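In what follows, a single structure is set out as structure tokens and then discussed.
Given the structure is predicted, the values throughout are model-derived calculations rather than measurements.
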Amino acid sequence: DQLAEPAGLSAQDLPRRLWEMHNGGPEGTATLQSVKDHFGAIAPERDLCVGGRLVPEEPGAASSPVQLVVSNVQPGGIGRFREPAPVLAVPTASEQLTPEHCFSLEVDLSIKTGPDRAEPLLAVGSGVAQALVIAEVLGGSKGRVTVLDEPAVNLHPEWQRLVRAQIDRLTTGGDEPSQRAQFVLITHGASLAAPTRVTGASSVLPTRLILKDRATRAICPPDRKSTTKWPVDLQLSPEPWGLLFANGALLTEGATEVGALPIWFDKISNEQGSVPWNARNVAVFSVGGHAAFGSWARFLRHYAVRFALCCDGQALDPCAAVKKDHQVVGFAPNRHWVFKQLADANDEQLSNDIRALTPVGGTWKNHPDRPAFEDIRAAAANLGIFTVATWFQKVSVAPAPANVSSPSESIDDLIDQDPKLKAAKEAMTEESQRRSDVRVGAYVAALCAPPLAVRQLYEQVVQWFD
């Protein structure tokens, strides 16, 4: 029944409603204070000030509806000016006004940003104004089901996080369950979709909506126990939740790929006259190391986000170097073998075909000659695992066979072995003291044509997502 009677609040009529709260006795004052509290929480270091007056029209004036005007204090507090509100507050047909009843309502809405500084609402920007609209909705949300459709498109990402924190507090407050607020939040923003870590409040994980077989399908979040195997980064930053809005995700082992691959892929697609890479909405995202692929795969698989992997040679190696005093003393089975990570993420066992690729034995003094790198790479490509590497390990750890020319274990090796790419990398390092792998990758890719290995990677990735 409550959903059948929507509140229908108009943002354009907000000044009058705030004025009515301001002059609404104890109940109105309490409601206004709630709006102010939520506004201050969403827009830090800003206070809402409400004032105004009724101005009678001149006797004998033509009958007109009640006009809402906004009168603000100019910056510095000198002078006053009148601005018409975006809409007229028109009375209903039953409210026949006579000339002697006509009046104007002047409402002062200002935002206090310091002890001696107040800015008019119309001069503080759309983000602050939107924060005020949201604050009013939150202030009257207790005991209601509130639908927020893209509520914070004009807000800074940090303010969006504060909006989500306020929602989480209202839904898990100390009120009786029937008086708690309930929200349906529709958003394309990672900062609103990501759960918060508010003390004393629980944060609901998002439901992802996808189009499948010409119908909308809802993918609900799992139970909390299942999320313990998800990446811990999802608890620390809203950025990874943006993957839920992508058509796909290319998970990389390091940050150099994040900077270089999108630029190189765009160059290749432009050369071919094909769909631009940036139009595919496939995110290139670093998982921060070869051991982390499994947890990210588990997260993306749950939400039905199609993904591929771009890993270094070490992730493909069924063997891992055993070191003692920083020296390689042998090799043992790789606990973080990428094939095993993906099988675990899907709660499956390794297939017999993949098991056949593991070398015989438990430990080895030298790196085994079998399986061959090309056999591993071919099997990986069938599962959406790709690489620009030509050998499992850095040559200082395990020398490559004689038939592998210019062995490289990662995209960084690829850059260092190509004279043009290496020169661009060194030039960037000399020009900038703020060196990062992302910036190095982007700088090199912007200056240089994509090498053959990257072109081959592009074809594999595009075919996978197509």
With rounding to the nearest 0.5 angstrom, report the SG to CG distance, Cys49 to Leu121. 11.5 Å
Ser191 backbone acceptor or donor facing Gln160 side chain under 3.5 Å: no
Between the main-chain N or O of Ala398 and the side-chain N or O of Gln393, is there a donor-acceptor pair closer than 3.5 Å? no
Parallel, tilted or perpendicular for His367 and Trp391, by the 30°/60° rule? tilted
Heavy-atom closest pair, residues Thr187 and Phe245: O-CE2, 3.4 Å
Does Lys420 use its side chain to pair, donor to acceptor, with the backbone of Ala449 at less than 3.5 Å? no
Quick check: closest heavy atoms across Asn334 and Ala315, and the distance to 0.1 Å? ND2-O, 4.3 Å
Working to the nearest 0.5 angstrom, can you tell me the gap between His38 NE2 and Leu132 CG? 12.5 Å
Is there a donor-acceptor pair under 3.5 Å between the side chain of Trp277 and the backbone N or O of Asn270? no
Working note: Val287 + Thr252, criterion side chain to side chain contact (heavy atoms under 4.5 Å, CB included); need CA distance, chi angles, decisive distance, verdict. CA-CA 6 Å; Val287 302; Thr252 69; over 6 Å; no
Parallel, tilted or perpendicular: which describes the rings of Phe299 and Trp241, with under 30° parallel and over 60° perpendicular? perpendicular
Check this for me: Asn382, atom CG, are more than 12 non-hydrogen atoms of other residues, nucleotides or ligands nearer than 6.0 Å? yes
Dump the intermediate steps for side chain to side chain contact (heavy atoms under 4.5 Å, CB included) on Val461 and Leu250, then the final yes or no. CA-CA 8 Å; Val461 170; Leu250 177 60; 4.2 Å; yes
State, yes or no, whether a side-chain contact exists between Lys142 and Arg180 at a heavy-atom distance under 4.5 Å. no
With rounding to the nearest 0.5 angstrom, report the CZ to CZ distance, Phe373 to Phe392. 6.0 Å
CD1 of Ile219 to OG1 of Thr207, rounded to nearest 0.5 Å, is 9.5 Å
Please check if the side chain of Gln130 supplies one atom and the backbone of Pro151 the other of a donor-acceptor pair under 3.5 Å. yes
Minimum side-chain heavy-atom gap Leu357-Ile354 below 4.5 Å: yes
Main-chain N/O of Ile167 paired with Thr171 side-chain donor or acceptor, under 3.5 Å: yes
For Tyr458 and Gln272, run side chain to side chain contact (heavy atoms under 4.5 Å, CB included): C-alpha distance rounded to whole Å, both residues' side-chain angles, the deciding distance at 0.1 Å, then the answer. CA-CA 12 Å; Tyr458 171 81; Gln272 297 178 348; 3.6 Å; yes
Under the salt bridge (charged side-chain N to carboxylate O under 4.0 Å, His left out) test, residues paired with Asp413 that sit two or more places apart: Lys394
Using a 4.5 Å cut-off on heavy atoms from C-beta on, say whether the side chain of Arg46 contacts that of Val128. yes
Could you check whether any side-chain heavy atom of Leu383 comes within less than 4.5 Å of a side-chain heavy atom of Phe339, counting everything from C-beta outward? yes
List the atom of Ser410, the atom of Ala389, and the distance in Å for their closest heavy-atom pair. N-CB, 4.3 Å
Run Leu138 and Phe39 through side chain to side chain contact (heavy atoms under 4.5 Å, CB included) and show every step you take. CA-CA 9 Å; Leu138 299 181; Phe39 176 73; over 6 Å; no
Can you list, pair by pair, the side-chain donor-acceptor contacts under 3.5 Å of residues 303-312, counting residues two or more places apart and other chains?
from, atom 1, to, atom 2, distance (Å)
Tyr303, OH, Pro206, O, 2.7
Arg306, NE, Trp464, O, 3.3
Arg306, NH2, Trp464, O, 2.9

Please answer whether the main-chain N or O of Glu348 pairs with a side-chain N or O of Asn346 as donor and acceptor at a distance below 3.5 Å. no
Reported CZ-to-CZ distance for the pair Arg169 and Arg164, which is rounded to 0.5 angstrom: 12.5 Å
What pairs with Pro44 under side-chain contact (heavy atoms from CB on, under 4.5 Å), at least two apart in sequence or on another chain? Trp159, Leu162
Partner of Ser126 by side chain to side chain contact (heavy atoms under 4.5 Å, CB included), out of Asn154, Val153, Leu155: Asn154
Show which side-chain atoms of residues 229-237 pair as donor or acceptor with protein atoms under 3.5 Å away, not counting sequence neighbours.
from, atom 1, to, atom 2, distance (Å)
Ser237, OG, Glu239, N, 3.2

Is there a donor-acceptor pair closer than 3.5 Å between any side-chain N or O of Trp337 and the backbone N or O of Leu316? yes
Nearest heavy-atom neighbours spanning Arg377 and Thr387: CD-CG2, 3.5 Å
Taking Ser408's backbone N and O only, do any of them form a donor-acceptor pair with Thr390's side chain (distance below 3.5 Å, no angle check)? yes
Between Glu150 and His188, do the side chains contain an N or O donor and an N or O acceptor separated by less than 3.5 Å? yes
Please collect all salt bridge (Lys or Arg N to Asp or Glu O under 4.0 Å) contacts where either partner lies in residues 450-466, sequence neighbours excluded, each pair once. Glu271-Arg455, Arg280-Asp466
Taking only residues at least two apart or on different chains, which pairs with a member in residues 314-335 satisfy salt bridge (Lys or Arg N to Asp or Glu O under 4.0 Å)? none
Between Lys425 and Asp416, is there a salt bridge with N-O shorter than 4.0 Å? yes
OG1 of Thr358 to CZ of Arg370: how many Å apart, nearest 0.5 Å? 14.5 Å
Flag the pair Leu211 / Arg217 as yes when at least one side-chain heavy-atom distance between them is below 4.5 Å, and no otherwise. no
Side chains of Ser34 and Asp37: donor-acceptor distance under 3.5 Å anywhere? no
Cationic N near anionic O, under 4.0 Å, Arg161 to Glu158: no
salt_bridge(Asp418, Lys422) N-O dist < 4.0 Å: no
The single option from Arg298, His336, Glu253 that satisfies side chain to side chain contact (heavy atoms under 4.5 Å, CB included) with Phe293 is Glu253
Check whether any side-chain heavy atom of Phe265 lies under 4.5 Å from a side-chain heavy atom of Val454, and answer yes or no. yes
Leu148 and Val137: which non-hydrogen atoms are nearest, and at how many Å? CD2-CG1, 4.0 Å
Is there a side-chain contact between Pro371 and Pro359 in this structure, where contact means two heavy atoms from C-beta onward sitting under 4.5 Å apart? yes
In the structure I gave you, are the side-chain heavy atoms of Lys36 and Asp47 within less than 4.5 Å of one another anywhere? no
At their closest point, which heavy atom of Val35 faces which heavy atom of Ala135, and how far apart are they? O-CB, 3.5 Å
Backbone N or O of Phe331 within a donor-acceptor pair of the Lys365 side chain at under 3.5 Å? no
